[in-house]
Structures are given as C-alpha cells and as structure tokens.
Amino acid sequence: MNRVVFNQKGGVGKTSITCNLAAIGASQGLRTLVIDLDVQGNSTHYLVGEVDAEQYPAEAQGVSGLFKQTVGPRKMRQNPDAFVWETPFENLFLLPSSPYLREIEKELEARYKIYKLRDALEKLAGEYDRIYIDTPPSFNFYSKSALIAADRVLIPFDCDSFARQSLYELMVNIEELQEDHNPELQVEGIVINQFNSQARLPGELVADLADEGFPVIDRFLNSSVKMRESHHEMRPLIHLAPRHKLTQAYIALHNHLERRPRKQRGR
Ligand SMILES: Nc1ncnc2c1ncn2[C@@H]1O[C@H](COP(=O)(O)OP(=O)(O)O)[C@@H](O)[C@H]1O
Ligand SMILES: [Mg+2]
C-alpha cells in the first residue's frame, strides 16, 4: 500500500507525519519504504542524517537517480531497489532526496515522465509492505507524480486559518488529479497536527471543517517540543520517546489508519 502525505502549504507536518507513521509501522514489523520527493530533503536528513556528497553524487542519489535513468537508454536502467538505502532503524528503508531534483524537474516535465514514479512503485510493491511518500510544499511535478503513484493521500492540517483557505484549493487539485490520472486514489483524510486543546480557535476550525464535509480523521496530533527534538536527534518518536504523549497520539493515528476498511473515494 502506498500512502502520499501532501499539502502544498509548507510547515504543516508532512515530513514529521511521513517519517513517524512509517517508523511506527516498521517497528511493528512492516517492511516500510519512505520516499523523499522534497528537494529540501528533510525526511532524508531525519532518517539518515547528513548525506556525504562525495560518496553519493547528487545525480545518482535516490529519487533523482531513479528519475534520471528514465531519460537514458533503456538497457542501462537499474531496478528501483538499487536506489534504496537502509536506515539505522529495523525494517525502515529510504529512497532519499537530493538537490539534483531541482535541476532535472523541467526536463522530466517536458518529457512527460509523470508516470515514471508509478512504474517504479509497481516494481517495488512486492518488496515493501508499506510505502510512504513525502512531498514538497507545492503542486509541482514531484507531488503530482506521487499523487499519481499512490493509493491513498493523507493531508496534514496545522490548525491555522491560512491553512484552511489553502485546503479548498488543495481538494480541488486532488479531485482534478483523480479524474485525469488516478481514479483509484483515495483521500484517506485530513490529519489534524499541532492541535492545542486548550485554545478555542483550533477546536472551532476543526469543527467547521468537519461540518463542511471534509474528512477529518478523528485522531489528533498534539503540539509538543518533542517533535523538534526528534528531528534534531534524527530519531523518530517511536525510538526517541516511545511513551511520550505525542508518540502515543501517533500510534493511535497509525493503528486507526491500518484498521480502517477501505472507504468510498472522494470526500
Ligand atoms: N506535532 C508537532 N508539535 C510540534 N512541532 C511540530 C509538530 N509537527 C511538526 N512540528 C514542527 O513543525 C515544523 C514543520 O514540520 P514538518 O514536518 O517539517 O512540515 P512540512 O514537511 O509540512 O514542511 C518542524 O520544525 C517540526 O518540528
Ligand atoms: Mg517537509
């Protein structure tokens, strides 16, 4: 099963949610792959730390290596698994980002390589129980590739009113993409992140979204400095602080998503 975590707004929790859900699944025994499609490489840094640029030339690295070979001769192509790295965490693997993604984006777009990630994921499907895709904060070639390749999309929402405005636009973009490219894509729901139950506004915002028919997932993630610490330490919460309140909220979200039967497509 492939899950993409997407919202074109930055700082809403895409990277945190991708890596922490993936790490929880992996810790429960699911062989899990994280694909980092954001040129900023935050998931890559979170899971494996600083990448040695000399050892791994940017154009041959992870996702950019995978995409780059799609414009080369067919017989030179390697299996997508050749670009996957191990992480320090059992059962957790990474297809890392690289700065080179920015350089090749226009060429990939001009040559209609938008379905290549889907092809690669089909080849990887037998190798992994779960694939999580982290996306850049824009509706660009890479996030579209991910939405075309995935079965499910999770949408992080960080409880501010600007985020709400961009949610309308986002839902329209996703509906259009479903219609044009991937009718199988299921909107799994909106993940409420950095929820503060003490303040009035977040509760109202979330209630309004649910009233408007948005598929708000009923397992909220609270705000905690532990998340920053976890990024800084390069250890997902399940490894850094398994009993912490935010970790428990993540486990509840993870298990809720895993238990839910496949629902009807759309809102
Ligand atoms: N539940 C949370 N509580 C506190 N800080 C959080 C939480 N989730 C994310 N953050 C912080 O917010 C910032 C943006 O999160 P990130 O996952 O990188 O978002 P995105 O990938 O959407 O840009 C990071 O500094 C991260 O540590
Ligand atoms: Mg990110």
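Remember, predicted model here, so these are calculated numbers, not experimental data. When a ligand or atom number is given, it counts from 1 through the structure's own listing order.
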Query - Side chain Asp158, main chain Gln194, donor-acceptor under 3.5 Å - result: no
Query raised in the report: Taking non-hydrogen atoms only, is His231 closer than 4.0 angstrom to ligand 1 via side chain, backbone, both or neither?
Result: side chain
Report task. State which residue, out of Phe67, Tyr112, Tyr115, fulfils the ring-ring contact (aromatic ring centres under 6.0 Å, His included) condition with Phe141. Result -> Phe67
Query raised in the report: How about Asp38 and Ser97: does a side-chain donor come under 3.5 Å of a side-chain acceptor?
Result: no
Report task. Measure the distance from atom 23 (O) of ligand 1 to every protein heavy atom, then report the residue, atom name and distance (to 0.1 Å) of the closest one. Result -> Gly11 N, 2.8 Å
Query raised in the report: Under the 6.0 Å and 45° cation-pi test, does Lys14 pair with Phe6?
Result: no
Query raised in the report: Does Leu221 approach ligand 1 within less than 4.0 angstrom via side chain, backbone, both or neither, non-hydrogen atoms only?
Result: neither
**Report entry** Under 3.5 Å: N/O of Asn193 near N/O of ligand 1
**Finding:** yes
Query raised in the report: Honestly, is Arg164 close enough over Phe157, meaning NZ or CZ under 6.0 Å from the six-membered ring centre and within 45° of the axis?
Result: no
**Report entry** Between Tyr46 and Ser16: side-chain donor-acceptor atoms closer than 3.5 Å
**Finding:** no
Requested in this report: Around atom 6 (C) of ligand 1, find the nearest protein heavy atom and jot down its residue, atom name and distance.
Outcome: Gln194 NE2, 3.3 Å
Query raised in the report: When you check the side-chain N and O atoms of Ser43 and Thr18, is any donor under 3.5 Å from an acceptor?
Result: no
Query raised in the report: Should you measure from each heavy atom of Arg228, which atoms of ligand 1 turn up under 4.0 Å away?
Result: 25 (O), 27 (O)
Query raised in the report: If hydrogens are left out, which of Ser16, Ser224, Gly10 has an atom nearest to atom 17 (O) of ligand 1, that is, the closest non-hydrogen atom?
Result: Ser16
Query raised in the report: For atom 13 (C) of ligand 1, is some protein heavy-atom partner under 4.0 Å away?
Result: no
Report summary line: Note: ligand 1 atoms sitting under 4.0 Å from heavy atoms of Asn222 are 1 (N), 2 (C), 3 (N)
**Report entry** Asp36 and Tyr142: side chain donor to acceptor below 3.5 Å
**Finding:** no
Query raised in the report: Among protein heavy atoms, which sits nearest to atom 19 (O) of ligand 1, and what does the distance come to when rounded to 0.1 Å?
Result: Gly13 N, 3.0 Å
Report summary line: Val12 heavy atoms within 4.0 Å reach ligand 1 at atoms 19 (O), 20 (P), 22 (O)
Query raised in the report: Is the distance from the Mg ion (ligand 2) to some N, O or S atom of Thr15 under 2.8 Å?
Result: yes
Requested in this report: Compute the shortest N/O to N/O distance between Thr15 and ligand 1 and return yes if it is under 3.5 Å, no if not.
Outcome: yes
Requested in this report: Verify, without hydrogens or angle tests, whether Gln78 (side chain) and Phe83 (backbone) share a donor-acceptor contact under 3.5 angstrom.
Outcome: no
